[in-house]
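FYI, side chains are in, hydrogens and waters are out, and symmetry mates aren't considered; it's all heavy atoms of this structure. Just so you know, ligand 1 is whichever comes first in the structure, and atom 1 is the first atom listed for that ligand. Bear in mind the structure is a predicted one, so any value in this text is a computation, not a measurement.
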Amino acid sequence: MGQAQIGVYGLGTMGSALALNMAEHGFDVAVTNRETDWIAVFVKEAGDLAVRLHPHEALSEFVGSLKTPRVILFMIPSGAPIDAMLAEITPLLSPGDTVIDGGNADFHDTRRRAAQLAGLGLHFVGLGVSGGEAGARHGPSMMLGGSDHSWQQLRPILTAIAADYEGVPCVAHLGPDGAGHFVKTVHNGIEYADMQVIAEIYSLLRNGAAMAPAEIAALFAEWDRGPLKSYLVEITAQLLTYTDPDTGHPMVDVIKDAAGQKGTGRWTVIEALRLGQSASMIEAAVGARGWSSEKDTRQAAETILGGAVGAFDGSTQALAEAFLAARILCYAQGFRVLAAASEDFGWSLDFAAIARIWRAGCIIRSALLDDIATAYQGDLPQGELILAPGFARTLAGCLPALRQVVCAAVHGGHPVPALSAGLAWYDTMRLGHGSANIIQAQRDIFGRHGFERLGQSGTYHGPWWG
Ligand SMILES: NC(=O)C1=CN([C@@H]2O[C@H](COP(=O)(O)OP(=O)(O)OC[C@H]3O[C@@H](n4cnc5c(N)ncnc54)[C@H](OP(=O)(O)O)[C@@H]3O)[C@@H](O)[C@H]2O)C=CC1
Ligand SMILES: O=C(CO)[C@H](O)[C@H](O)COP(=O)(O)O
């Protein structure tokens, strides 16, 4: 009879940190890894926590060491590796056991896997985990999609290891099958947009206002003490203080300006479009990462198109206000995608709960999330965050600055795709009467698609065809 309360397969960055976190909270954890040489090293390096870690090389022994019904967490790349491991492990499991994918998975795959395992009497959980290595080790934010049975099995462990926000653990059961992975995907989409906004503001300060990294670091550190307080602002302030030991230059200057991406930002945009939404700031951030990776093309273009940029003479106060407006807008776009998916998949997502579990532990944790949780607990006009009285007021106060910053950036030739996408969305939403009447007329002329008339029901055609 097995004794371990949970098994962790995959002792990479995240899996090893989560296993140590569980052990530290008094849970007995069976551990294993594809590369088996690493298992003993990991346990040895765990020091005092090793007593709670039970290493196994063979999968059958790992499974056999677990209390039943079993709970097994995979922290490996999602996609083909998860499917291959499910094929290997499911014959060793019994009805009632739960398998968790804690990686960043495409929620469509999670839904498929949940259905596949349900056919075997097994439970499959898609668990979004955020916080990087430090979060996983000391308290991540976790978004769970799966059955009530699995949630009851996992709840004691997950609430113990989760980040804590004023006594509230940052973990929640958000819905069935793919709901947790979907929410994590959108979390990452917001992460992309917020990071892009920070990069754009940095660039305006550095290339437009000729500020040194150390000065910008001080400014970000100051912002981190006010309404812009967030993990991403904090680490940006820190990273700008480092010097490259090889060259003596600011570290940020020797890092190639080509951003990587593993897929979650792109998935957010694809799902948003599929759901009839446009998370334009997230789209801008994904696009900007793509363009950034075309370094050779950009270098060639600079010699042909001219790469000079003008001075940016906006104040740092205007930048702070523009940043706050942009942050509200990008979170609001992310929540709109969640709302659309919740409706489409019948998940009944609890948006206040999502905001609450993002307040600590995760990469997008920020001062704003408590206000978002509060807004979702009250009456939200049209269900729109930007219409919540507090946010509408803040946006109205900060919008002149966002407009001024975007204008100054455009005037000086500084690319600000996320800031300008946010502004365009705000300006679109605040107009009760837009310009789509022209599009409707065009569609009717070339395709007889018909249009609605203001104040009348039914479909009409114009007098175009004589
Ligand atoms: N790093 C981060 O900040 C975050 C990562 N994630 C997600 O967590 C998961 C793990 O990421 P991370 O810990 O960073 O990755 P690492 O690269 O540090 O570790 C990967 C782990 O997966 C194992 N592995 C790789 N390929 C296979 C395979 N084909 N079959 C079985 N095991 C395999 C590796 O085993 P071996 O040692 O044998 O190579 C290793 O244990 C990913 O899905 C990632 O998207 C989620 C949130 C944050
Ligand atoms: O999930 C995460 C943070 O929340 C991971 O760090 C993820 O890898 C970030 O995405 P990308 O690598 O595409 O920047």
Protein contact to [atom] [nearest heavy atom, distance to 0.1 Å]:
{"atom": "atom 13 (O) of ligand 2", "value": "Tyr192 OH, 2.5 Å"}
{"atom": "atom 15 (O) of ligand 1", "value": "Thr13 N, 4.5 Å"}
{"atom": "atom 46 (C) of ligand 1", "value": "Asn104 ND2, 3.6 Å"}
{"atom": "atom 5 (C) of ligand 2", "value": "Asn104 ND2, 3.9 Å"}
{"atom": "atom 38 (O) of ligand 1", "value": "Glu35 N, 2.9 Å"}

Under 4.0 Å from a heavy atom of [X]: which atoms of ligand 1 are those, numbered in the order shown and with their elements?
{"X": "Val129", "result": "46 (C), 47 (C)"}
{"X": "Asn33", "result": "35 (O), 36 (P), 37 (O), 38 (O), 40 (C), 41 (O)"}
{"X": "Pro81", "result": "28 (C), 29 (N)"}
{"X": "Gly10", "result": "41 (O)"}
{"X": "Ser78", "result": "43 (O)"}
{"X": "Gly132", "result": "3 (O)"}

Under 3.5 Å: donor-acceptor pair, side chain of [X], backbone of [Y]:
{"X": "Arg137", "Y": "Ala134", "result": "no"}
{"X": "Ser141", "Y": "Ile357", "result": "yes"}
{"X": "Gln261", "Y": "Arg289", "result": "no"}

For ligand 1, does Tyr9 get within less than 4.0 Å through its side chain, its backbone, both, or neither, judged by non-hydrogen atoms?
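It is the side chain that gets close, since no backbone atom is under 4.0 Å.
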Backbone, side chain, both or neither: what part of Lys184 comes under 4.0 angstrom of ligand 1, heavy atoms only?
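The answer is the side chain of Lys184.
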Close side-chain approach of Trp358 and Val183, heavy atoms under 4.5 Å:
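Result yes, sub-4.5 Å side-chain heavy-atom pair found.
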Do Leu11 and ligand 1 have an N or O pair less than 3.5 Å apart?
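In this structure, Leu11 places an N or O atom under 3.5 Å from an N or O of ligand 1.
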Using a 4.0 Å cut-off to any heavy atom of Arg289, which atoms of ligand 2 qualify?
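So the atoms of ligand 2 that pass are 11 (P), 13 (O), 14 (O).
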What are the atoms of ligand 2, with element, lying closer than 4.0 Å to any heavy atom of Lys184?
1 (O), 2 (C), 4 (O)
Residue-level breakdown please: for Arg266 versus ligand 2, do any non-hydrogen atoms fall below 4.0 Å on the side chain, on the backbone, on both, or on neither?
neither
Within-cutoff protein neighbour (heavy atom, under 4.0 Å) for atom 17 (O) of ligand 1
no
Hey, does Gln261 come in under 3.5 Å of ligand 2, counting only N/O atoms on both sides?
no
Given Lys262, Glu191, Glu133, which one has a non-hydrogen atom that is nearest to atom 9 (C) of ligand 2?
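Closest candidate by heavy-atom distance is Glu191.
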Of the listed options Gly135, Ala105, Gly12, closest to atom 40 (C) of ligand 1 (non-hydrogen atoms):
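Nearest option to atom 40 (C) of ligand 1, by heavy atoms: Gly12.
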